[in-house]
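To keep things clear, I will list the structure first and then write my remarks on it.
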2 protein chains.
Amino acid sequence: MVKERVTVIDIARAAGVSKSTVSLVLQASPLVNEATRAKVNAVIRELGYVYNRGAANLRQSNAKSKIIGVVVNDLTNSFFAELAVGIDMVVQSAGYVQFLANTGESLDRQREVIASMREHGISGLILSPARGTEASDLKSLVAAGVPVVNVVRQVPGAKVSSMISDNHAGAHEAVTHLTGLGHRRIAFLGGFPDTAVFNERFQGYRAALVDAGLEASGELVIGSAPSRAGGVAAVERALSLAVQPTAALCFNDAVAFGACDGLRAKRMEPGVDFAVVGFDDVIEAKTAVPALTTVSVDPQGMGRRTAQLLLKQINAGKADAEAIVGSVRLVIRQSCGSAADKRERLALI
Amino acid sequence: MVKERVTVIDIARAAGVSKSTVSLVLQASPLVNEATRAKVNAVIRELGYVYNRGAANLRQSNAKSKIIGVVVNDLTNSFFAELAVGIDMVVQSAGYVQFLANTGESLDRQREVIASMREHGISGLILSPARGTEASDLKSLVAAGVPVVNVVRQVPGAKVSSMISDNHAGAHEAVTHLTGLGHRRIAFLGGFPDTAVFNERFQGYRAALVDAGLEASGELVIGSAPSRAGGVAAVERALSLAVQPTAALCFNDAVAFGACDGLRAKRMEPGVDFAVVGFDDVIEAKTAVPALTTVSVDPQGMGRRTAQLLLKQINAGKADAEAIVGSVRLVIRQSCGSAADKRERLALI
DNA sequence: TGACAATATTGGAACGTTCCAATTATTTTG
DNA sequence: CAAAATAATTGGAACGTTCCAATATTGTCA
């Protein structure tokens with residue numbers, strides 16, 4: 001079972017041409033005669049030749065390997081899985097292949113993974129940075145002229161393009177919807193307070209409360225892991241307050257689902273006894289019961305736009321950073337009850 | 001902004017040594033003097049050198065690039081996301097980097113992605129094959145001596161190792177649990193009937209019914225997409241039957257969640273009015289309300305074992321295929337009601 | 001001090017490809 | 001039919017690394 005690597009030279013010998021000709025065939029050059037091309041291709045198939053991109057890249061240090069690296073911080077969150085699928089759609093049709101890696105919020109891992117992708121000569125990188133990523137972590141990459149687009153989270157000070165969603169506006173719209181339904185005590189549930197995304201959504205939440213003439217009470221802001229389990233814990237704490245909230249804007253959909261679970265565990269029905277709004281509009285939001293009212297970020301669409309941004313940058317060759325803020329819209333479903341409940345709630349006051 | 005690539009020769013010149021010495025430093029060879037090593041490393045940092053793995057691999061065609069390729073057929077299914085995370089854990093601690101790619105069940109895409117990974121000289125491949133994958137699709141890979149492990153699904157006739165879960169036993173155990181609770185009309189919901197996994201689970205379902213002295217009625221087997229939406233549709237059809245089932249084994253957890261949603265939409269409470277059993281034990285199964293009774297496949301654990309299998313094969317260098325069937329166990333939670341309901345149900349007959 | 005071993009360092013060939021300039025074969029043109 | 005134009009093919013140098021064998025430096029001991 002000795003594996004001898006098949007090279008262009010083997011092909012050349014077997015086809016009775018020179019290695020240069022084989023190389024031209026591989027690049028689909030128009031310079032080569034139709035008959036020879038067919039002959040060479042036949043031999044290639046016959047001998048089971050595998051193109052050695054390493055060797056090729058060595059020679060043509062300019063033309064990169066048709067690979068886009070995608071690095072995300074939490075693959076178990078389906079938001080990122082869908083983001084990746086969105087990226088894949090456009091990356092694919094542009095003739096690239098996407099290699100995805102997960103950091104699980106580990107900075108060390110992120111460094112390793114990015115280094116490894118770089119060594120393999122990726123054409124560009126889409127990064128949802130792990131918490132605590134600094135501009136210096138990306139510096140060498142951009143200095144080397146590798147196009148980078150940050151997504152979901154920004155890295156302060158880094159001169160790279162970014163695609164984030166309008167968290168402030170989304171949270172504002174969601175809370176305004178809740179106040180419009182007559183809610184006066186509205187909690188903000190879940191998320192890590194030291195992240196930019198948390199902060200943007202929280203600011204939008206607070207601004208909407210102020211706009212509605214309500215005061216933002218600190219005890220109604222309850223951080224937690226941005227996961228389903230975190231949501232359960234957060235809503236539990238919210239319900240243990242002396243004066244309970246009647247509604248909550250959740251950091252993301254995972255937290256919102258957790259909040260629904262937590263409510264049911266306390267024999268309360270989400271959408272009836274308590275209004276829940278999520279953030280992201282994950283695919284399950286529509287089919288869950290009750291269907292989740294949530295701020296739609298459209299992860300797939302976001303992935304597509306991010307990929308387009310990156311491709312534009314790859315093709316242009318220039319590197320002036322561009323920050324796109326994706327618009328966002330509130331999708332009203334069943335988890336907040338209807339306006340009919342409003343009278344009832346107001347009557348209680 | 002002209003990017004000149006920094007090479008070992010530049011380093012050598014700047015450090016006043018030969019390129020060979022720099023190479024030795026890069027490989028952390030013990031042959032080089034401590035002082036020179038420090039000097040060289042300093043220069044490397046200073047000039048922002050990036051290791052060119054392409055060139056390295058070219059020379060040492062044996063030692064592969066420390067990369068494990070993972071190709072899955074549906075990244076939006078969180079089962080695969082968790083599988084990938086499990087793989088990552090062991091792959092990572094073995095000093096490898098995982099590159100993940102998604103095929104979305106497209107055979108063409110799968111071909112492209114595998115080819116691309118191969119060109120980059122992956123050390124091994126873990127593949128959850130797209131539907132319709134044939135042994136010939138893997139032939140060239142194994143012929144070239146690249147270790148391959150199939151996971152979740154097998155490819156008939158392919159001489160590669162595989163790691164699948166004991167679908168027959170799991171389904172059997174689940175259904176036996178249901179018959180033990182007194183259920184007599186048990187549906188099998190979701191999944192595509194033309195897949196091996198479906199078949200194995202279905203056979204386990206049928207065998208358990210027979211063992212319990214019940215006959216398996218065809219109308220109770222309702223296929224659908226193996227997704228949440230598919231589960232909603234399937235349970236809907238089940239409830240429209242003249243003689244309704246009182247329980248269901250679902251193809252996977254996603255279908256089971258969908259079934260719960262569908263039940264609620266019809267004002268039935270899963271776990272009380274209807275027993276639901278899932279398959280996979282996805283991470284949300286525990287925190288959902290009601291907590292899902294399901295056959296635990298432990299995707300992370302499965303990922304870990306798969307990765308171990310692959311690493312073993314990479315290190316051994318030999319390629320004798322090994323088929324591991326992961327054991328599986330029923331995790332009883334709240335979605336089936338308790339034995340207390342059994343008397344009630346039997347009383348009705 | 002000379003002989004030997006141990007420790008550090010090095011030049012050059014090789015890996016599989018692409019590119020360039022040069023060459024050969026074929027066709028067109030005056 | 002020679003000359004020019006075009007089409008097809010080719011050998012060799014380069015890309016950045018590792019490996020090998022060889023050399024240079026230092027240390028040890030009788």
**OP:** Would you kindly compare A/Val32 and B/Gly54 by the position of their nearest DNA chain D nucleotide and give the one closer to the 5′ end?
**Re:**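 The 5'-side residue here is A/Val32.
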d([atom1], [X]; [atom2], [N]) in whole Å:
{"X": "A/Asn33", "N": "D/dT10", "atom1": "CG", "atom2": "P", "answer": "11 Å"}
{"X": "A/Asn57", "N": "D/dC15", "atom1": "CG", "atom2": "C1'", "answer": "11 Å"}
{"X": "A/Asn52", "N": "C/dC15", "atom1": "CG", "atom2": "P", "answer": "12 Å"}
{"X": "B/Glu119", "N": "C/dT17", "atom1": "CD", "atom2": "C1'", "answer": "12 Å"}
{"X": "B/Glu34", "N": "C/dA8", "atom1": "CD", "atom2": "C1'", "answer": "13 Å"}
{"X": "B/Leu58", "N": "D/dT18", "atom1": "CG", "atom2": "C1'", "answer": "10 Å"}

Is a donor from one side chain sitting under 3.5 angstrom from an acceptor on the other, for [X] and [Y]?
{"X": "A/Ser106", "Y": "A/Thr103", "answer": "no"}
{"X": "A/Ser20", "Y": "A/Ser23", "answer": "no"}
{"X": "A/Arg153", "Y": "A/Thr133", "answer": "no"}

**OP:** Look at the side chain of B/Arg37 and the backbone N and O of B/Ala28, then say whether any donor-acceptor pair between them is shorter than 3.5 Å.
**Re:**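 It does not hold such a pair.
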**OP:** Determine yes or no for a side-chain-to-main-chain donor-acceptor pair under 3.5 angstrom, with B/Glu105 supplying the side chain and B/Arg131 the backbone.
**Re:**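 Checking the backbone N and O of B/Arg131 against the side chain of B/Glu105, a donor-acceptor pair under 3.5 Å is found.
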Subject >> Of residues 15-31 of chain B, the positions that come close to DNA chain D - non-hydrogen atoms, cut-off under 4.0 Å >> reply: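 Only B/Lys19, B/Ser20, B/Ser23, B/Gln27 qualify.
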Original post:
Would you say B/Gln60 reaches C/dC15's phosphate, i.e. side-chain N/O to OP1/OP2 under 4.0 Å?
Top reply: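 Looking at the OP1 and OP2 atoms of C/dC15, neither is under 4.0 Å from any side-chain N or O of B/Gln60.
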Original post:
Looking only at side-chain N and O atoms, does A/Thr36 come under 4.0 Å of OP1 or OP2 in D/dA8?
Top reply: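 No, because none of the side-chain N or O atoms of A/Thr36 sits under 4.0 Å from OP1 or OP2 of D/dA8.
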Original post:
What about B/Arg59: does its side chain form a donor-acceptor pair under 3.5 Å with the base of D/dT17?
Top reply: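 Such a pair does not exist between side chain and base.
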**OP:** Nearest 0.5 Å please: distance from the CD atom of A/Gln27 over to the CD atom of A/Gln60.
**Re:**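 If we round to the nearest 0.5 Å, A/Gln27:CD and A/Gln60:CD are 6.5 Å apart.
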Under 3.5 Å, which protein N or O atoms sit close to an N or O of nucleotides 21-23 of chain C? Give each pair with its distance.
none

Subject >> NZ/NE/NH1/NH2 to OD/OE distance under 4.0 Å, A/Glu322 and A/Arg305 >> reply: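 No, A/Glu322 and A/Arg305 are not salt-bridged.
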Original post:
Of the nucleotides D/dT17, C/dT17, C/dG16, which has the atom closest to the A/Arg5 side chain?
Top reply: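 That would be C/dG16.
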**OP:** Give the ring-plane orientation class for B/His120 versus A/His120, where under 30° counts as parallel, over 60° as perpendicular and anything between as tilted.
**Re:**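 The rings of B/His120 and A/His120 sit tilted, inter-plane angle from 30° to 60°.
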Original post:
Looking at A/Asp88, A/Ile67, A/Val85, A/Ile126, which hits side-chain contact (heavy atoms from CB on, under 4.5 Å) with A/Gln98?
Top reply: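 It is A/Asp88; the other options fail the test.
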**OP:** For DNA chain C, find the residues of residues 6-14 of chain A with a heavy-atom distance under 4.0 Å and give them by number; none if there aren't any.
**Re:**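 Residues of residues 6-14 of chain A under 4.0 Å from DNA chain C: A/Thr7, A/Val8.
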**OP:** Start with the C-alpha gap between B/Phe80 and B/Asn102, add the side-chain angles, then the distance that decides, and say whether side chain to side chain contact (heavy atoms under 4.5 Å, CB included) holds.
**Re:** CA-CA 10 Å; B/Phe80 289 106; B/Asn102 182 34; over 6 Å; no
